[in-house]
Structures are given as structure tokens and as C-alpha cells.
Amino acid sequence: MSDERERDCATPAPQQPQAPTRIDRRRFFHGAAALTVGSLSAPVALAQTAAPQGGASARAPGTNELEAQTRRALRWAGRDPADWVRPRAGAGADHNVVIVGGGQSGVAIAYGLRRKGVGRVDVIDQAAPGQAGIWRTIARMHQLRTPKTMLGPEQGNVALGFRAWFETLNGPEAFDALDRIPRLAWADYLAWFQQTTDTKVRYRTRLIEIEPQGDLLRLHLDVEGMRRVETARKVVLANGYAGAGGPAIPGFMRALPASVWAHTTGQIPFETFKGKVIGIVGAGSNAFDAAGVALEAGAAEVHIFNRRAFIDYQAPAPQTPPAQPPAPVDRGHANMLELTYELPDVVRWRNFLAGERRVASVPLDSLERAVAFKGCHIHLNASLADAAMAGNKITAKAGRKTMRFDYLIAGTGYRIDLAAQPELKQIHEHVALWLDRFKPAPGDENEAGAAHPYLGAGFEFLPRANTGAEYLRNIHCFNLAAALSFGIPVGDVPSTVDHPRLVQAIARDLYVENIDIEAHRRFINLPQVAPNAAPYERAVEGGLKGAAA
Ligand SMILES: Cc1cc2nc3c(=O)[nH]c(=O)nc-3n(C[C@H](O)[C@H](O)[C@H](O)COP(=O)(O)OP(=O)(O)OC[C@H]3O[C@@H](n4cnc5c(N)ncnc54)[C@H](O)[C@@H]3O)c2cc1C
């Protein structure tokens, strides 16, 4: 199924072009309009999306209702509170908070801070408008892998949630008929959410490096090709799955010319795959999605190499539950994921080990999409090695067999290695890791786990002992590196349950910083000015004379 066909069941049909001063609805549902009208207030933006396009009949069913419903929801939510954050003492900062990443996490966290009254928050993203996040770029599946009923960025306002958005546009039956959320419908919804909540993102703005200056953070930026430095009191790293060490790439692939391989996080030239032989290292969801797209693009053969003896896929729920006991709640309970941080270190560590022992299971539809093609070959208990170029082909060993490929894809996931993240070049060695704070029992050791940052309760980096790098507490790490400390893949839709915790922590720190105790004393000791007594004067026993002021 192509992305366009996928869209058909997700969002209303694209509309005719409309007056230039109005938001182009097709672009709006593609997310681009959220970016071009990011400076509009929500009501204006809504009015524009609702603009008639060649008469009422040209409007998608549900659009009027969505508009009215959203207006109501925003009205009932009330205005955003005023910015209460007092300026930093001494040298000021350009921003209270800079959020690095304008994907689903960054946008939702920015909205959460605004609703808490934290002002001067900027969201930056290196991507061009419409390209932030993964949903229209490197995500290649037809449907999200998570259940359709999970709560998202709406932060308690259900009218701003995916279900309300989708059902209002398409009807409740359409939602009931969904297996899971179509990927592009999710992207459209996020664009709508961003526009509706009027959350602005500074696109084409890349964080190059964080430099500490006392407790302040100097951010070296590339803004549309120009270098500049801005200061912030707080930084949130909402920079995605690859934001704490990058993709994990097998060494033998790195040794090949860049033109013959890619990681699933990168652009893959599927359009050149017709008749070609493709090798894919790894057998997780991303590997199968890439295999599906490659075969749909006409690849003659796709070989998937799996080190394990089986493909771990999400089997449909059994009619009769298995005889084994249910997992204990401290393994992670759907209704209280936000409490997982509170578990003892040893439980969080072992939860991580349990996750490491299995690859995240592949949705059945992703598996079926690839294996439906005759050219799809799965190699179990197999890995590739000794790759080399032979003319314009790649040769590689799979066990004792030598195979030839036109192109290789690494579906090998991500690594956590703060030292490899360029933005953290100046500071990574001061960040406390699990290695520094937790000693696993013999047999429970794990190098990958040990390299994760040991985070504080508000996602903040903690300083390694004796480094004195207290400024690290002003950097909040909301990316995959937080997965061990918080017990869930941070950045995933389910991790939106942790947004309030992060928002609260940032607000708390800004609230208690630089309290002016003398100003506070003066204020509470101000003499009370009695208001005009006229409304009650008549009832005062003995008249006002002599009454206490
Ligand atoms: C292929 C794939 C499929 C997934 N499917 C699901 C799923 O079905 N369900 C689910 O719950 N989760 C899924 N996830 C996990 C998670 O939901 C997504 O990764 C999601 O995009 C995370 O959102 P985010 O905002 O945290 O990060 P991202 O969407 O990755 O956004 C990060 C942003 O940070 C920007 N950025 C990075 N570095 C810098 C910098 N130095 N300066 C400025 N900007 C920067 C990037 O340009 C990007 O726009 C999937 C992940 C992947 C990779």
C-alpha cells in the first residue's frame, strides 16, 4: 500500500487550492501549514483552516465540527497563564528554556511549559519546515507500532488528542475500524496539534555544542548557515532516538564506500533498487519496514540477516491466555508508566536487561508486507561479515557462504554513547552514568546499560562525583538515553506520560532559583490598605468611627 492510499483511510481527501492568504488545507494536513502559520494565534489559525474552499460542499466532512470542537476545548482550557518566571539574577539569559528538537516530544513539552506559565521557551530544530521528527522521513511503516488508544501529547485535554481529531474528521466507526494509527494520519495529527496549540519552532536551527558558563548554558547554533551563540538557563534534549550517540552501525559497513550502504535512520535510495540485490543486517521492525519498501520498489532479492534463531514478531492476542503468570507490575504497567522511575535501581536495571535480551518485536503486518514477496529471504542464526567491494558489487560472508549485494542496509538500531554526540563534546565526561552509580550483581553486567546516563527525577543529567559540574542539572535529557532511568523508550508515544514530570521539574527549578528573600519580606510586611467601607458601612455596629482599620 502506498503512502497516498494509506492517507485515503486516514484523513479527508485533499482540497482544491484556495486563496493565498488562507492556509492551504492539503498542506495543513501534510503538516507544512503548521510551520508557515506558526506565528498565528490558535483561533486565527483555526479560522483559516476552516476557510471555505469553493463552497461548503468542498469542505471535508467533520472539518466544521473539528473547528468548533477545538475552539470550545481551547476556550474551556482557558487562557495560558502569564509568564511568572523571574529573570535570572546577574547576567540575564536569552531564554529560560531551549528545547532541542521540534518533533512530537519537543512540541508537546513546549506546550506543557506554556500551560505552566513558563515563558521565554524556544524550540529549535535543524530540519526544514515540514521535515522535523521522523514520521514523514525515516519511518517507513504503514501504521504506528503502538496501540491506537494510547494517549499522546494532549496533556489531559482529550479534545486535543488523536482520537478526538480522527473521529471528528472521519467518524467513530472509522476509528473503530483502525487496526493501529496510520503513520501519515499521525503526522497530520501532530501538525494539527502544533498549529492548534500555536507552538512555534525555529526551523533550520541546529545546536552544534553546549558550553557551560557558570550555571548558564551557552548554545552554539547554526541558524540557516550562520553561526551564533545564545544563552539559556535550561536545555531540553528532545532530539530523538539517535540523539545520544547516533545509530549503531556495524564496523564492516563503515569500511565500505558511503554510496553502497545506509542505516535505516538515513535516506535510502529505494528508487534505484529495481532488479537489485539488497542485504539487510538486523531483523527488527525498521529492518522489515526497509525490506518492504525495497521490495515494493522492485528489488529482485532482499536478504535479511538475523543473529537469532527466530523472528520475534507481535503475534495476535491468543484466544486463551497463556498459562504463564502475568508479568509483575514493576516490569512496567500500562496505567502507571510514569512511576517506573521510582523503582529501585536493581529493578530498573533488570527491566533494561529484559529489554536487551529481545529485539523489539516486529508488528505482524510489517513482517507480512515483506515476506509477501518471493524475493524476501530471511537468514536465521546468520550475520554478515568481511564485506568488501568487488567491482560495483559488495561481497560479504554469511557463515561459510560468500554473497554478493548491490546495497546494504543496517537495521541495527541505536547506541547510547554520550561521548559520540557532538553537542555534548565539552560536557559528556562529567555526566554521571549508570556505570558510576550502580554495580550490577555478577551475571547482570551489561556494557550498553552502563553507558546510559543516570538521570535525576526531572530527566536532568547529574554530575559525576567530584566534578562540581552542577550546571549539568540544567540539561534535561528527553531522548532514548533516558530509557534505562525511566523504564520506557523515551520519545515514544507512551512516554508522553512523563511530560508533566519534566515540565514540573523545570518549573520547580526556575521557581526556587534566585528567590529575593528581602523583597519577599518587604512585600508581606506592607501595611494593608483598607478598601472603601461604603458597601458595608451601614451595618457596622456603632458606625465606622473607631472600627479597626
Ligand atoms: C522508524 C521508527 C518508528 C517508530 N515507530 C514508533 C511507533 O510506532 N510508536 C511509538 O510510540 N514510537 C515509535 N517510534 C519511537 C518514537 O515515537 C519516535 O522516534 C518519535 O519520532 C520520537 O519523537 P521525538 O520528538 O522525541 O524525536 P524525533 O521525532 O526524532 O525528533 C527529534 C528532532 O530533533 C531534531 N534535532 C536533532 N538534533 C538536533 C540538533 N543538534 N539541533 C536541532 N535539532 C535537532 C531533529 O531534526 C528532529 O526533528 C519510532 C521510532 C523510529 C525511529
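Counting convention: from 1, in listed order, for ligands and their atoms alike.
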Is Tyr203 in contact with ligand 1, taking contact as a heavy-atom separation below 4.0 Å? no
The answer for which part of Glu423 has a heavy atom under 4.0 Å from ligand 1 is side chain
- Item | Sidechain N-carboxylate O distance under 4.0 Å for Asp509, Lys234 | yes
shortest atom 9 (N) of ligand 1-to-protein heavy-atom contact is with Thr146 OG1, 2.8 Å
The atoms of ligand 1 lying under 4.0 Å from a heavy atom of Ser105, numbered in the order shown, are 23 (O), 24 (P), 25 (O), 26 (O)
Applying a strict 4.0 Å limit to heavy atoms, is Trp186 in contact with ligand 1? no
So CG of Leu484 and CH2 of Trp434: to nearest 0.5 Å the spacing works out to 5.0 Å
### Task
Indicate whether the side chain of Gln143 and that of Asp179 have a donor and an acceptor atom separated by less than 3.5 Å.
yes
Closest to atom 30 (O) of ligand 1 (heavy atoms only, candidates Ala139, Ala127, Gly240) is Gly240
* Going through the checks in order, is the ring pair (Phe, Tyr, Trp, His ring centres under 6.0 Å) test met by Phe478 and His499? -> CA-CA 9 Å; Phe478 200 85; His499 291 171; 5.2 Å; yes
Are the charged groups of Arg227 and Asp222 less than 4.0 angstrom apart, N to O?
no
Task: Contact with ligand 1 for Pro494, non-hydrogen, under 4.0 angstrom - done: yes
Among non-hydrogen protein atoms, atom 44 (N) of ligand 1 lies closest to Gln126 N, 3.0 Å
- Query: At the 4.0 Å heavy-atom cut-off, does Thr265 count as touching ligand 1?
  - Reply: no
Ranked by distance from atom 46 (C) of ligand 1, the top protein heavy atom is Asp125 OD1, 3.5 Å
Ligand 1 to Leu144, heavy atom cutoff 4.0 Å, flagged ligand atoms 8 (O)
(message) Does this structure show an ion pair linking Asp215 with Arg88, if we count only N-O contacts that are shorter than 4.0 Å?
(response) yes
Here the atoms of ligand 1 under 4.0 Å from any heavy atom belonging to Ala132 are 49 (O)
Query raised in the report: For Met141, is the nearest heavy atom under 4.0 Å from an atom of ligand 1?
Result: yes
Among non-hydrogen protein atoms, atom 8 (O) of ligand 1 lies closest to Arg145 N, 2.5 Å
Check your understanding: Can you tell me if CZ on Phe373 sees more than 12 non-hydrogen neighbours from other groups inside 6.0 Å?
Key -> yes
the protein heavy atom lying closest to atom 11 (O) of ligand 1 turns out to be Val493 N, 2.8 Å
Ligand 1 atoms nearer than 4.0 angstrom to some heavy atom of Tyr414 are 53 (C)
Where does the angle between the aromatic ring planes of Phe305 and Phe405 fall among parallel (under 30°), tilted (30 to 60°) and perpendicular (over 60°)?
-> perpendicular
Which class fits the ring pair Tyr407 and Phe273: parallel under 30°, tilted 30 to 60°, perpendicular over 60°?
-> tilted
Among non-hydrogen protein atoms, atom 50 (C) of ligand 1 lies closest to Ile134 CD1, 3.7 Å
Do Phe461 and Tyr454 have their ring centres less than 6.0 Å from each other? no
The closest protein heavy-atom partner of atom 37 (C) of ligand 1 is Asn239 CB, 3.5 Å
*asked:* Is it true that His95 and Glu230 share a donor-acceptor pair across their side chains at a distance under 3.5 Å?
replied: yes
Numbered in order shown, the ligand 1 atoms found under 4.0 Å of a heavy atom of Gly491 are 16 (C), 17 (O), 20 (C), 22 (C), 23 (O), 26 (O)
Sequence neighbours excluded, the answer for side-chain contact (heavy atoms from CB on, under 4.5 Å) partners of Thr272 is Pro269
Margin query: Quick check: Tyr313 with Phe288 (ring centres under 6.0 Å apart)?
Written below: no
Applying side-chain contact (heavy atoms from CB on, under 4.5 Å) to Gln213 and not counting sequence neighbours gives Leu216, Arg218
Within 4.0 Å of some non-hydrogen atom of Gly101, the atoms of ligand 1 are 33 (C), 34 (O), 35 (C)
Ligand 1 to Asn286, heavy atom cutoff 4.0 Å, flagged ligand atoms 1 (C), 2 (C)
Going by the 4.0 angstrom heavy-atom rule, the piece of Trp135 near ligand 1 is side chain
Note to self: Can you confirm, on distance only, whether ligand 1 has an N/O atom lying under 3.5 Å from any N/O atom belonging to Gly102?
What the structure shows: no
Atom 29 (O) of ligand 1: closest protein heavy atom, distance to 0.1 Å, is Gly133 CA, 3.1 Å
Quick note on ligand 1: atoms under 4.0 Å from a heavy atom of Gln104 include exactly 17 (O), 20 (C), 22 (C), 23 (O), 25 (O)
Checking heavy atoms under 4.0 Å, the part of Ala238 that sits near ligand 1 is backbone
Is the terminal nitrogen or CZ of Lys148 (NZ for Lys, CZ for Arg) located under 6.0 angstrom from the six-membered ring centre of Phe175 and within 45° of that ring's axis? yes
